[in-house]
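Just so you know, these numbers use all the heavy atoms, side chains as well, and skip hydrogens, waters and symmetry mates. Just so you know, ligand 1 is whichever comes first in the structure, and atom 1 is the first atom listed for that ligand. The first residue in the sequence is number 1, and the count goes up from there.
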Amino acid sequence: MKKIMLVFGTRPEAIKMAPLILEFKKNPFKFETKVCVTGQHKEMLEQVLDFFSVVPDYNLNIMKPQQDLYDVTSNVMSGLREVFQKEKPDYVLVHGDTTTCMAASLAAFYQQIKVVHVEAGLRTNNIYSPWPEEINRQITSRIAMYHFAPTELSKNNLLRENIAETIIDITGNTVIDALLIAQDIIKSNLEVENEIQAIVAEMGYDVKRLDSEKKMVLITGHRRENFGQGFMNICNAIKKLSQNYPSIDFVYPMHLNPNVRNAIDSVFPDFTKIANLFFIEPLEYREFVYLMSKSYLILTDSGGVQEEAPSLGKPVLVMRDTTERPEAVIAGTVKLVGSDTNKIFEETSRLIENKINYVEACKAINPYGDGKACERIVANEIFVK
Ligand code: UD1
Ligand code: UDP
C-alpha cells in the first residue's frame with residue numbers, strides 16, 4: 001500500500017487535481033490517498049472542492065488579503081513541514097506552476113519525499129512571462145522524480161532539459177477529465193440546466209437573453225504580469241468593444257485578486273449602468289463551463305481556459321504575449337493578442353465581423369487530452385514500485 005499525498009492550493013489546481021483524487025480513491029486497497037490544501041486561495045478553492053465533493057485531510061489556510069509571493073512561499077513551506085513529518089507520504093503529487101506547487105515540491109524535497117509533477121513540461125522559457133509561474137514549474141521539474149506531461153510538446157521540453165525519457169509519461173491534461181465530468185452533469189437533464197441558469201441569473205447574468213441573434217463574449221483575466229498598465233489596457237479594450245457592439249453581451253466573472261478588482265473599478269466606476277457589460281463574481285466550475293459553452297468567443301489570460309475552450313469548439317483570444325500552451329495556437333483555435341487595447345479590440349472585431357475567420361477558429365479540437373489522463377496517471381508503474 002502506497003501513501004499518496006496530493007498538495008494544491010488554488011482554483012485551477014483544484015479543478016485539475018480533483019478528478020485525480022477521485023481516481024486514486026477508487027483504489028483504496030492499493031493507495032492511501034491524502035489531500036492537503038494550502039489554502040493559497042480560499043473562496044475560489046472552496047467552490048471547486050464543493051463541486052467535486054473533495055474533503056481535504058489538511059488545510060493550511062494560508063491565504064491573506066493582498067498576499068505577496070514571500071507570504072505564499074514561506075507559509076506553504078512552514079505549514080507543510082509538520083504535515084509531511086506526521087504523514088510521511090511515499091509520494092507527494094503537485095500540479096502545474098503555482099507558488100503552492102513550487103514551495104510544496106521544495107518542502108517535500110527537504111524531507112527526501114518523492115515528488116511527482118502533474119502537468120509537467122509546459123514552458124515559455126521567459127522567466128518573466130508568465131511570472132512567477134515559469135520559474136515555479138522549472139524548479140519543480142528539477143526536484144520531481146517523475147513527470148506527467150500533458151502533450152508531446154511538453155514532453156519534448158523536458159527532454160531538452162536532459163530529463164530522462166524513462167521518467168516522463170504523456171497522459172493528456174487532467175483538465176479535460178474535469179471538463180467532461182462537468183459537461184456530463186450539465187447535460188444530464190433539463191432541470192440541471194434550469195438550475196444553472198437560475199444561479200447565473202442570480203449572480204447577475206441572464207443566459208436566457210442569448211439566442212441565434214444575441215451573442216456573448218466571455219472574459220477572464222488575472223495574470224500578475226498584466227497588473228498595472230496591462231490590466232488598464234485590457235479594461236479599456238472591453239470598454240471600447242462594449243461601446244462598439246451594443247448588441248453583444250460582455251460577461252466577466254471577476255477573479256478575487258484585488259489587483260483585478262481595482263483595475264476594473266477605475267475604468268468602470270459605474271459599470272452597472274452599461275447595459276451590455278456584466279461584471280460578476282467568480283462562478284462555480286459547473287456554471288462557468290456552461291457559460292463557456294454558451295459563449296461566442298472567449299477573451300482570457302487564463303491557462304485552464306485556453307485548454308478547455310478548444311474542446312468546446314470556442315475560439316480564444318489570449319491576452320498575453322507568450323503561451324506555454326502552443327498546441328491550440330498551432331491548430332488555429334487560439335490566438336495570442338497581448339495586452340494592447342487596440343490589438344485586443346481589432347482581433348475581437350475580426351472574429352465578430354468575419355464569419356470565415358470565425359468558423360475557422362471554431363474547430364473543436366482536443367490537443368490537451370481525451371478525459372483519461374487520471375486513469376493513466378494512477379495506472380503508472382511508479383506507484384507500484
Ligand atoms: C494564483 C497563482 C497563479 C494562478 C492563479 C489562478 C501564484 C503566484 N499565482 O494567482 O499562478 O494562475 O492563482 O487563479 O501561485 N483572493 C481571495 N480569495 C480567493 C483567491 C484569491 O480573496 O479565493 C485574493 C486575496 O486577496 C489574495 C489574492 O487574491 O491575497 C491573490 O491570490 P494569489 O493566490 O496570491 O494570486 P492569484 O493572482 O490568485
Ligand atoms: N473558472 C471557474 N470559474 C470562473 C472562472 C474560471 O471555475 O469564474 C475555471 C476555468 O474553467 C478553468 C480555471 O477556472 O478551469 C482557470 O482558473 P484561473 O483562470 O484562475 O487560473 P489559470 O488556469 O490561469 O492558472
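Of all atoms in ligand 1, listed by their number and element, those nearer than 4.0 Å to a heavy atom of K42 are 19 (C), 23 (O). Against a heavy-atom cut-off of under 4.0 Å, P12 is close to the following atoms of ligand 1: 6 (C), 14 (O). Within ligand 2, counting atoms from 1 as listed, the ones closer than 4.0 Å to a heavy atom of P282 are 8 (O). Taking a cut-off of under 4.0 Å to the non-hydrogen atoms of P258, the atoms of ligand 1 that pass are 24 (C), 26 (O), 28 (C), 29 (O). Contact atoms of ligand 1 toward L69: 8 (C) (distance under 4.0 Å to a heavy atom of the residue). Each of the atoms 14 (O), 37 (P), 38 (O), 39 (O) of ligand 1 lies under 4.0 Å from some heavy atom of H255. Near P132, with a cut-off below 4.0 Å to any heavy atom, the atoms of ligand 1 are 8 (C). Every atom of ligand 1 is numbered from 1 in the order shown, and the set under 4.0 Å from a heavy atom of M63 is 16 (N), 17 (C), 18 (N), 19 (C), 20 (C), 21 (C), 22 (O), 25 (C). Atoms of ligand 1 lying under 4.0 Å from any heavy atom of E133, numbered from 1 in the order shown and given with element: 3 (C), 9 (N), 11 (O).
Regarding atom 23 (O) of ligand 2, its nearest protein heavy-atom neighbour is G304 N, 2.7 Å. Among all protein heavy atoms, the one lying closest to atom 32 (O) of ligand 1 is Q67 NE2, 3.3 Å. For atom 20 (O) of ligand 2, the closest non-hydrogen atom of the protein is R11 NH2, 2.9 Å. Atom 30 (O) of ligand 1 has its closest protein heavy atom at K64 O, 2.8 Å. Nearest protein heavy-atom neighbour of atom 2 (C) of ligand 1: Q40 NE2, 3.8 Å. From the protein, the heavy atom lying nearest to atom 24 (C) of ligand 1 is L256 O, 3.6 Å. The protein heavy atom nearest to atom 12 (O) of ligand 1 is H222 CE1, 2.9 Å. Nearest to atom 20 (C) of ligand 1 among the protein's heavy atoms is H41 CD2, 3.3 Å. Scanning the protein heavy atoms around atom 25 (O) of ligand 2, the nearest turns out to be P12 CG, 3.3 Å. With respect to atom 8 (C) of ligand 1, the closest heavy atom belonging to the protein is T99 OG1, 3.1 Å. Residue, atom and distance of the protein heavy atom nearest to atom 13 (C) of ligand 2 are I15 CD1, 3.7 Å.
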Practice prompt. Take R350 and E346, measure what salt bridge (charged side-chain N to carboxylate O under 4.0 Å, His left out) needs, and give me the verdict at the end.
Written response: CA-CA 6 Å; R350 205 171 62 89; E346 280 158 20; over 6 Å; no

Practice prompt. Would you check, one step at a time, whether the test side chain to side chain donor-acceptor pair (under 3.5 Å) holds for Y245 with N276?
Written response: CA-CA 9 Å; Y245 297 102; N276 60 332; over 6 Å; no

Worksheet entry | From CA spacing to verdict: salt bridge (charged side-chain N to carboxylate O under 4.0 Å, His left out), R142, E161 | CA-CA 9 Å; R142 297 281 77 75; E161 292 173 9; 3.5 Å; yes

Worksheet item: For D90 and K114, what are the C-alpha separation, side-chain angles and deciding distance, and is it a salt bridge (charged side-chain N to carboxylate O under 4.0 Å, His left out)?
Response: CA-CA 7 Å; D90 296 301; K114 292 178 189 138; over 6 Å; no

Item to complete: Start with the C-alpha distance between E375 and K26, add both sets of side-chain angles, then the distance that settles salt bridge (charged side-chain N to carboxylate O under 4.0 Å, His left out), and finish with yes or no.
Response: CA-CA 10 Å; E375 248 175 73; K26 280 187 196 162; 6.0 Å; no

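Side-chain contact between R224 and L69 is present, with heavy atoms from C-beta onward closer than 4.5 Å.
A salt bridge is defined here as a Lys NZ or Arg NE, NH1 or NH2 lying under 4.0 Å from an Asp or Glu carboxylate O, and R209 with E213 fails to meet this definition. Ion pairing of K155 with E165 is present here, as a side-chain N (NZ or NE/NH1/NH2) and a carboxylate O approach within less than 4.0 Å. We find that R223 and E133 are joined by a salt bridge, their nearest charged nitrogen and carboxylate oxygen being less than 4.0 Å apart. Salt bridge K208/E193: absent, no basic N to carboxylate O contact under 4.0 Å. The pair E32-K2 fails the salt-bridge criterion, with no side-chain N (NZ, NE, NH1 or NH2) lying under 4.0 Å from an Asp/Glu carboxylate O.
Contacts between E287 and ligand 2, counted as non-hydrogen atom pairs separated by less than 4.0 Å, are absent for every part of the residue. Under 4.0 Å from ligand 2, the heavy atoms of F288 that appear belong solely to its side chain.
T73 contributes atom OG1, which lies 10.0 Å from atom CD of Q67 (distance to the nearest 0.5 angstrom).
Ring pair F278/Y252: centre-to-centre distance not below 6.0 Å. Note: F279 and F268 meet the aromatic proximity criterion, with ring centroids under 6.0 Å apart.
When only interatomic distances are considered, the shortest N/O to N/O separation between K16 and ligand 2 does not fall below 3.5 Å. Residue Q66 has at least one nitrogen or oxygen atom sitting less than 3.5 Å from a nitrogen or oxygen atom of ligand 1, judged on distance alone. At under 3.5 Å, a nitrogen or oxygen of S302, whether backbone or side chain, sits near a nitrogen or oxygen of ligand 2. Below 3.5 Å of separation, one finds an N or O of E308 facing an N or O of ligand 2. For ligand 2, the polar-atom distance check against V289 finds no nitrogen or oxygen pair separated by under 3.5 Å. When only interatomic distances are considered, the shortest N/O to N/O separation between N136 and ligand 1 does not fall below 3.5 Å. Between L283 and ligand 2, at least one pair of N/O atoms sits closer than 3.5 Å. The N/O atoms of E43, backbone and side chain alike, include one that comes under 3.5 Å of an N/O atom in ligand 1. For T98, no nitrogen or oxygen atom sits less than 3.5 Å from a nitrogen or oxygen atom of ligand 1, counting backbone and side chain alike. Polar contact with ligand 2: absent for V305 (N/O pair, distance under 3.5 Å). For the pair T220 and ligand 2, the shortest N or O to N or O distance does not fall below 3.5 Å.
Residue contacts with ligand 1: R224 is included, with a non-hydrogen atom under 4.0 Å away. Close to ligand 2: R223, with a non-hydrogen atom less than 4.0 angstrom away. Ligand 1 lies out of reach of R11, whose nearest heavy atom is not under 4.0 Å from it. Ligand 1 lies less than 4.0 angstrom from a heavy atom belonging to R223.
Of the possible polar contacts, one joining the D177 side chain to the A373 backbone as a donor-acceptor pair under 3.5 Å is found. One N or O on the side chain of N27 and one on the backbone of E23 form a donor-acceptor pair closer than 3.5 Å. Without hydrogens or angle criteria, S188 side chain to I185 main chain gives a donor-acceptor distance under 3.5 Å.
Among T171, T174, D370, the single residue meeting the side chain to side chain donor-acceptor pair (under 3.5 Å) criterion with R376 is D370.
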Side-chain donor-acceptor contacts of residues 308-318 below 3.5 Å, not counting sequence neighbours, with atom names and distances?
{"from": "E308", "atom 1": "OE2", "to": "Y285", "atom 2": "OH", "distance (Å)": "2.9"}
{"from": "S311", "atom 1": "OG", "to": "N366", "atom 2": "OD1", "distance (Å)": "2.4"}
{"from": "K314", "atom 1": "NZ", "to": "S293", "atom 2": "O", "distance (Å)": "3.3"}
{"from": "K314", "atom 1": "NZ", "to": "S295", "atom 2": "O", "distance (Å)": "2.8"}

